[in-house]
Peer 1: 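Below you'll find the structure I mean.
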Amino acid sequence: MGHIHAKTRENLLAAMHGEAFAYVKYMLFAEQARKHGRKELADLFEKTAAMERFEHFAEEAELVHLVGDDDDNLLDAISGETYEVETMYREFADLAAAAGDLDAADRFAEVRRDEIGHNEAFRKALQYLEEPVI
Ligand SMILES: [Fe+2]
Ligand SMILES: [Fe+2]
């Protein structure tokens with residue numbers, strides 16, 4: 001596979017964020033429709049969600065080589081979780097608290113604690129991966 005232009009790569013990543021969000025959103029919409037006994041609407045949301053996830057996202061992911069070897073994937077995951085813990089959720093929690101949005105501030109802080117756990121688990125898994133097999 002040939003080299004991909006930086007802007008195209010950026011657009012693919014932006015499109016993937018949209019597809020991933022649409023997948024989760026439509027699954028939640030399906031849940032809501034099913035609660036109201038609207039089985040056909042729920043099926044429509046789920047069928048559409050599946051295409052966003054298993055076709056659109058997956059095909060775009062392949063073009064940007066999203067998935068690498070296990071150690072590459074762990075490094076990528078650690079970098080994402082570290083950003084969320086050290087920068088994103090820390091700042092979001094502080095800004096929400098300063099704005100008086102205390103529920104959101106609590107939620108950001110609680111999610112941040114979960115991300116710390118994810119980060120530690122991935123770091124351990126990477127260490128384990130790097131140990132020589134005896
Ligand atoms: Fe799509
Ligand atoms: Fe996480």
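The chain is numbered in sequence order, starting from 1. Read the numbers this way: they start at 1 and go in the same order the structure lists the ligands and their atoms.
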Peer 1: Taking Ser79 for the side chain and Leu75 for the main chain, is one N or O donor matched with an acceptor at less than 3.5 Å?
Peer 2: no

Peer 1: Do you see an N/O/S atom of Glu81, backbone or side chain, under 2.8 Å from the Fe ion (ligand 2)?
Peer 2: yes

Peer 1: At the Fe ion (ligand 2), what's the angle from His118 ND1 to Glu115 OE1, rounded to 10 degrees?
Peer 2: 80°

Peer 1: Would you check if the Fe ion (ligand 2) lies under 2.8 Å from any N, O or S atom of Asp114?
Peer 2: no

Peer 1: By atom name, which N, O or S atom of His56 is the nearest to the Fe ion (ligand 1)?
Peer 2: ND1

Peer 1: Would you mind reporting whether Phe57 and Glu52 have side-chain heavy atoms less than 4.5 Å apart?
Peer 2: no

Peer 1: Answer yes or no for Glu19: is there an N/O/S atom below the 2.8 Å cut-off from the Fe ion (ligand 1)?
Peer 2: yes

Peer 1: Contact between His36 and Gln32 at the side-chain level, heavy atoms closer than 4.5 Å - yes or no?
Peer 2: yes

Peer 1: Could you identify the N, O or S atom of Glu52 positioned closest to the Fe ion (ligand 1)?
Peer 2: OE1

Peer 1: Side-chain donor-acceptor pairs under 3.5 Å in residues 12-29, sequence neighbours left out?
Peer 2:
{"unit_1": "His17", "atom_1": "ND1", "unit_2": "Leu13", "atom_2": "O", "d": "2.8"}
{"unit_1": "Glu19", "atom_1": "OE1", "unit_2": "His56", "atom_2": "ND1", "d": "3.4"}

Peer 1: Applying side-chain contact (heavy atoms from CB on, under 4.5 Å), run through Glu115 and Asn119 and close with a yes or a no.
Peer 2: CA-CA 6 Å; Glu115 311 302 6; Asn119 204 353; over 6 Å; no

